[in-house]
Amino acid sequence: MTVLKTSMRNFFAHKGRMALSAVAVVLSVAFVCGTLVFSDTMSTTFDKLFAATSADVTVTPKSAEDAGDAPRSGKPESMPASVVQEARKAEGVKSAEGAVMSQSVTVVDSENKNMGPTSGGPTIAGNWTHNDLRSMDITSGHSPRGPTEMMIDADTADKHDLKIGDSLRTIAATGDHTAKISGIATFKVTNPGAAIVYFDTPTAQRELLGTTGRFTHVNLTAAAGVSDTELKQGVTAALDKGTYDIKTQKESADDNRKSVSGFLDVMKYAMLGFAGIAFLVGIFLIINTFSMLVAQRTREIGLMRAIGSSRKQVNRSVLVEALLLGVFGSILGVGAGVGLAVGLMKLMSGMGMELSTGDLTVAWTTPVIGMVLGVVVTVLAAYLPARRAGKVSPMAALRDAGTPADGRAGALRAAIGLVLTGAGGFLLYTASQADKASEGSLFLGGGVVLTLIGFVVVGPVLASGVVRVISAVLLRAFGPVGRMAERNALRNPRRTGATGAALMIGLALVACLSVVGSSMVASATDELDKSVGADFIVQPTQPGISITQKAADALGKAEHISHITRYKQINADLTTPAGKTVDGVGMSAADPTYAKDLRRETTAGTLSAAYGKNAMSVGEDFAKKHGLKVGDELKVAFEHGRSAQLKLAAITSDDGSVDNGAMYTNITTLEKYVPADRMPQNDIMFASADKGQQDAAYQSLKDSLAKYPQYKVMDQSDFKQTLKDQVGQMLNMVYGLLGLAIIVAILGVVNTLALSVVERTREIGLMRAIGLSRRQLRRMIRMESVVIALFGALLGLGLGMGWGATAQKLLALEGLKVLEIPWPTIIAVFVGSAFVGLFAALVPAFRAGRMNVLNAIATE
């Protein structure tokens, strides 16, 4: 009980000094809890949507599962309308209705502005059915009654200011269709971000499937007293289960959930990973806080020991303080996490993914996880300072309080740090020499962990040398004030090392990702320069769609074009001369001009020959694996088509990143064996201009696609910029998440300086008494902060560039061979670290400058 009282008294006596450490705990716990609440809320939103939109039992063609949401033909898999009548006769069926749905569509307004979501969500078109009434209400107008009418969802109408009577054009594989809005339907549950349009049934069949009398699925409602499972059994008995997939509402919802679970899991665990980094940085802050508090209370602890307190009691006293800090910070962190989740939901809504706070889900496990993590991490971080406090001798009562007990890092610590760093460096070197990226990635991960731990351990040793170098460059110009700032930073290397290490972790990751990102862009640009011969590239701007035939025909009418190349992809089963069949191989079918548009080296044969009659090519690795050589004949069973005997005319080199391992054949060969209505649409198209007509051809191509905003015409410089922008967006998102760790590190610098000022109160008073001005005092503290920040930045950037260079070696095995160090970014981060140091010192320097000289001198 005495230990608890002492801990409570000390905790509240130093509550101001604990505040910044508490903020670190709050931020870290908030990030974890916010991530869990946000991901659980998204899961709840999708679960409600899928449950509401799924019929009691749904019948779909088995082929639809392989085609996915975006079949290559642009038309969804369908089945004859007679299936509806057959299913209606099954036992337990109350009602059955055919439905049509396609996600391979684009909807534009009268100004050709895309009405689809900007969040990456799908645009869905279909017929209005009774099953839709489960999830939607018509809140304005009426459902479509003919080919000139359509209905849209309320969210899309609100985003684009659409109203009844407005005309919209739906672009599908079968052609374009224009209709006026006759009604607006509102979701009963949250729509996460899809844009939905409805037609009457004949129009949906004709415009989405290209024919009437067919449906993509059949919705069945169970009769009273019949369970979904019993209904499924009855329908299975009535239909050919080898031709159709028959699923209950729960099974359909589970399948839909699986389709988004991958995305949700990646986002969840990525954010938790960054929360872990923030926790790691926070550990240094907590260790520093308690180390300095123990040092400042050396005399007090010595007196406690002198009057009978045992080592265990002193140890427990410090750990109880840490426990109080952990509990207090974790409680606030859990609450802040819920607020963070709401903020993320608002942010996602602004980006196009609608999430309602009405679906906010706080599982009981979330606050438990947050509390346990916050408390355990805080107590573990305080263990070493507590252990050090327990070793304080009763004789310490005779010494001045605050005398640093650890002015020099131990030799054992330095040896351990150097061994760990050396072992990590060896693993990084081993990774850089790996023959396969998958093998090297294991060594890379081990090298990153060991070098990071090694730098943290050896940090105090490095501080002595690095701080002197930085000070010689930056501080000597400030005379005695600069030298005092240098000595203050060197006074306790362990403290300086721990403070710098907190900043080092975040900046090391920033530097690593910057190197990897820049190298990816530089490698891709270099590869494009070497391999892409086409002047222009045309590709869709949104996932899940391909280039429709009408758009391809429009491109064909562009002027000043020497040739246009079509490029399609299709799956096929390949049988080698040895009789081995390889299922589901992706093949690329293109016009012969593709050999000019993309320069591919061959190890055998010529690529132009692969575009000959009944000919093809394979990649080098595939040929080696299956013992193939030029002249061999392969049996190729095309998806939705017939089998062909194709002659192997070329083997392409896999030394590159563009179309690595691709198998080529001529589009005319594909057309010979695949029916016209099952032919894949173009995934991408290429074009080259007449000599000297690049600008005119570029404009002509753009003009030809003016009616199709879902496609983009790019010259090579546009394409390179697009790659750069995509990598840049990804890095900016990662930097934003790493920003939390860097904020916690800045708090660590602030806390270190604030406690250091308190520790040196008497010293500061004496310096002020002998003539040091307030301005000089504040400058001294700011300079000390800058040196510590630059020390952490120098270690972090150097370590991160090493990690990034090793990662690039592994990327080189995948064809990304150019190493590029983004020096402007590295220099900007290093200079920015100096400003971080200045910012962190503002409050401590201001408080130090306001000290009363006499009171400071009289401080015990």
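All values below were derived from every heavy atom in this structure, side-chain atoms included, with hydrogens, water molecules and symmetry-related copies excluded. Residue numbers run from 1 in the order of the sequence given.
- Classification of Asp200 and Arg145 as a salt-bridged pair fails, no side-chain N sitting under 4.0 Å from a carboxylate O.
- For the atom pair Met151 CE and Ile138 CD1, the distance stands at 4.0 Å (nearest 0.5 Å).
- For the pair Leu555/Lys557, no side-chain contact is recorded, criterion being any heavy-atom separation below 4.5 Å from C-beta on.
- Ala238 approaches Ala90 most closely through the heavy-atom pair CB-CB, 3.8 Å.
- For Thr216 and Ser78, the side-chain atoms include no donor-acceptor pair closer than 3.5 Å.
- Judged purely by distance below 3.5 Å, without hydrogens or angles, the side chains of Thr652 and Ser617 never pair a donor atom with an acceptor atom.
- Residues meeting the salt bridge (Lys or Arg N to Asp or Glu O under 4.0 Å) test with Asp176, sequence neighbours left out: Arg169.
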* Asked: Does the side-chain hydrogen bond (donor to acceptor under 3.5 Å, both in side chains) test come out yes or no for Thr190 and Thr45, once each step is laid out?
  -> CA-CA 6 Å; Thr190 302; Thr45 299; 5.1 Å; no

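- Residues Ala87 and Leu220 approach most closely at CB-CD2, 3.8 Å, considering heavy atoms.
- Ion pairing of Asp228 with Lys250 is absent here, as no side-chain N (NZ or NE/NH1/NH2) approaches a carboxylate O to less than 4.0 Å.
- In this structure, His142 has no ring-ring contact (aromatic ring centres under 6.0 Å, His included) partners at least two apart in sequence or on a different chain.
- Side-chain contact, His130 with Asn219: no donor N or O sits under 3.5 Å from an acceptor N or O.
- Scanning for side-chain contact (heavy atoms from CB on, under 4.5 Å) contacts around Thr243 gives Asp240, with sequence neighbours left out.
- Looking at Leu574 and Lys635, their side chains never come closer than 4.5 Å, going by heavy atoms from C-beta outward.
- Looking at Thr156, its side chain never comes within 3.5 Å of a backbone N or O of Ala195 through a donor-acceptor pair.
- Rounding to the nearest 0.5 Å gives a distance of 8.0 Å between CG of Asp535 and NE2 of His563.
- Within the structure, salt bridge (Lys or Arg N to Asp or Glu O under 4.0 Å) pairs that include any residue of residues 573-588 do not occur (at least two apart or interchain).
- Checking each of Pro680, Ser588, Ser73 against Ile570 for a side-chain contact (heavy atoms from CB on, under 4.5 Å) leaves exactly one that passes, namely Pro680.
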Side chain to side chain contact (heavy atoms under 4.5 Å, CB included) for Ile537 and Ile684? Distances and angles first, verdict last. CA-CA 7 Å; Ile537 301 165; Ile684 191 170; 3.5 Å; yes

_side chain to side chain contact (heavy atoms under 4.5 Å, CB included) between Ile667 and Lys568, worked out_ = CA-CA 8 Å; Ile667 283 183; Lys568 306 174 185 286; 4.0 Å; yes

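- To the nearest 0.5 Å, the span separating CG on Asp47 from CE on Met42 amounts to 11.5 Å.
- For Tyr567, the ring-ring contact (aromatic ring centres under 6.0 Å, His included) test picks out Tyr594, with sequence neighbours left out.
- Between the side chains of Asp597 and Thr565, at least one donor-acceptor pair of N or O atoms lies under 3.5 Å.
- Taking the charged nitrogens against the carboxylate oxygens, Asp56 and Lys247 have no contact shorter than 4.0 Å, which rules out a salt bridge.
- Using a 3.5 Å distance cut-off with no hydrogens or angles, the side chains of Ser546 and Gln681 do pair a donor with an acceptor.
- Taken from CD1 in Ile545 to OG in Ser102, the straight-line distance is 11.0 Å, to the nearest 0.5 Å.
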request  = Give the C-alpha distance, both sets of side-chain angles, the deciding distance and a yes or no for side chain to side chain contact (heavy atoms under 4.5 Å, CB included) between Leu628 and Phe622.
outcome  = CA-CA 8 Å; Leu628 302 176; Phe622 187 88; 3.7 Å; yes

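- Here the straight-line distance linking atom OG of Ser182 with atom CD of Glu149 works out to 4.5 Å at 0.5 Å rounding.
- Arg214 has no carboxylate O lying under 4.0 Å from a charged side-chain N of Glu77, or vice versa, which leaves the two without a salt bridge.
- Neither side chain, Asp725 nor Gln729, offers a donor N or O lying under 3.5 Å from an acceptor on the other.
- Side-chain contact between Met136 and Tyr198: present, with at least one pair of heavy atoms (C-beta onward) separated by less than 4.5 Å.
- Scanning for ring-ring contact (aromatic ring centres under 6.0 Å, His included) contacts around Tyr698 gives Phe536, with sequence neighbours left out.
- Residues that satisfy the side chain to side chain donor-acceptor pair (under 3.5 Å) test with Thr576, not counting sequence neighbours, are absent from this structure.
- In this structure, the ring of Phe199 has its center less than 6.0 angstrom from the ring center of His177.
- Using modelled atom types, one finds no donor on one side chain facing an acceptor on the other under 3.5 Å when comparing Asp703 with Ser700.
- Residues Leu239 and Glu86 have side chains in contact (heavy-atom distance under 4.5 Å, counting atoms from C-beta outward).
- With sequence neighbours excluded, the residues satisfying side chain to side chain donor-acceptor pair (under 3.5 Å) with Gln549 are Asp553.
- Every residue two or more places apart in sequence or in another chain that forms a salt bridge (Lys or Arg N to Asp or Glu O under 4.0 Å) with Asp632 is listed here: Lys629.
- When the salt bridge (Lys or Arg N to Asp or Glu O under 4.0 Å) test is applied to Lys720, the partners found at least two apart in sequence or on another chain are Asp529.
- With sequence neighbours excluded, no residue satisfies ring-ring contact (aromatic ring centres under 6.0 Å, His included) with Phe719.
- Checked for salt-bridge contact, Arg566 and Glu671 meet the test: a charged N lies under 4.0 Å from a carboxylate O.
- Atoms CG and OG, from Leu133 and Ser135 in turn, are 8.0 Å apart once rounded to the nearest 0.5 Å.
- Taking the salt bridge (Lys or Arg N to Asp or Glu O under 4.0 Å) definition, one finds that Lys232 meets it with Glu251, sequence neighbours left out.
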Worksheet item: Given Asp153 and Ile184, is the side chain to side chain contact (heavy atoms under 4.5 Å, CB included) satisfied, shown in steps?
Response: CA-CA 6 Å; Asp153 70 281; Ile184 295 174; over 6 Å; no

